[in-house]
Amino acid sequence: MSRSGSSHDLRRLDLATAHLDAPFAIVDMTAFRANAATMTRRAGGKPIRLASKSVRCRYLIEQVLAMDGFRGILAYTLPEALWLAARDTSDDIVVAYPTTDRAALARLAGDATAATSIAVMVDCAEHLELIEKARASVSDPHQVRVAIDIDAGYEALGGRFRAGARRSPVRSPADAVALANAILSRPGLRLVGLMAYESQIAGVGDDPPGRPLYARAVRTMQRRSAAELARRRSAIVEAVRKLTSLEFVNGGGTGSLEGTSAEPAVTEIGAGSGLYHPTLFDAYRGFTGQPAAMFALPVVRRPGPGVVTALGGGYLASGPGSPSRVPAPYLPAGLRLDKEEGAGEVQTPLIGPAADTLRIGDRVWMRHAKAGELCERFSDLHLVEGEAVAATVPTYRGEGQTFL
Ligand SMILES: Cc1ncc(COP(=O)(O)O)c(C=O)c1O
């Protein structure tokens, strides 16, 4: 069974939200701030660029940017970055994933504030061409800030074993130098940074529950990958810095804050999930976070002893479609999902001794497997301070923005 909360938290959260009708989502702000402080400490003095996909709430993003230890936004789409820049959320935004959105690129090139605030990610000549075409489509285009994404995946056995996200084809110092030269030869583009995200370390828990052999394999892979990447990342940064000065070298994520920040070549970490601390981040030995984002479902039926049925709940996380992506009952302690039905489209049965303590209209508290994706299900987040809702703020969705 997954991690459960305390009866004290159950009483506190029920009390704070007694006036609300479920389903709804909350952020426990004490946990959220404690998680932010833990992340900052783990980053060892290097700034954290906030991965906005993992928060998806402008109010909370602005709160985090005002905290010590966080600097700038790692956005997930260019329309999102343009939207954030236009609202003055930040003037230091890096879009972490390449874009082929011609209209958004034209808006970027045509707007002085956007062009100075936003950098877009590239990893091939086609990306550069798209930017050049967008610049050509506006009058008086601005220089476009770009960063190169480096493949930080781990390869062994002559490439027959691979771990890590399949993203950039730029892997070696020579690859990076070639693309950097292609950027530098275009006066409309300005190379400002490098990014190399080691998903196989930052996003893969090294302490998966009930899987000791797999855990051992993960730890071995991560140890070897970290050593290989530290050497390669530093060689790439050194080679590109010989061509031009760089404003940032971004790496890592919530699961690798201390390791990545210890690399001299890295100037900042991109991270965000640790703030909400969803269930996937329970599976790490190196740190413990406090569940901060949760959603409440109403108990609407009692099919029989030992089971209640709640309304909604099937908020699955993206990824490989494994059981780890399903939301987990959190409070009251002692509930589990039904193996046949899981978390349902409109109804979610919850099984276990705690079910018999729940009445129609009570609520169960659930945790999402990932961080910001929860916000695609709710228009608002209720921010809980102690035993009260201190504020209710819109998610991106609540502001009418669904970027992905
Ligand atoms: C480029 C990049 N950097 C960093 C992260 C880490 O983000 P988080 O700490 O929110 O999981 C991710 C997550 O997918 C990413 O894609």
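These numbers come from the heavy atoms of this one structure, side chains and all, not from hydrogens, waters or symmetry mates. As the structure lists them, so they are numbered: ligands from 1, and atoms in each ligand from 1.
Protein residues are said to neighbour a ligand when one of their heavy atoms lies under 4.0 Å from it; for ligand 1 these are A51, K53, S54, L74, Y97, R167, M195, Y197, G252, G253, T254, G270, A271, G272, S273, F281.
A salt bridge links E228 to R232: at least one charged side-chain nitrogen sits closer than 4.0 Å to a carboxylate oxygen. Between E62 and R58 there is a salt bridge, since at least one side-chain N of the basic residue sits less than 4.0 Å from a carboxylate O of the acidic one. In this structure, E263 does not pair ionically with K46, as no charged nitrogen and carboxylate oxygen lie closer than 4.0 Å. In this structure, E129 pairs ionically with R186, as a charged nitrogen and a carboxylate oxygen lie closer than 4.0 Å.
Among pairs with a residue in residues 79-101, those fulfilling ring-ring contact (aromatic ring centres under 6.0 Å, His included) read W83-Y396, W83-F403, at least two apart in sequence or across chains.
Note: W365 and F24 have perpendicular aromatic rings, judged against thresholds of 30 and 60 degrees for the angle between ring planes.
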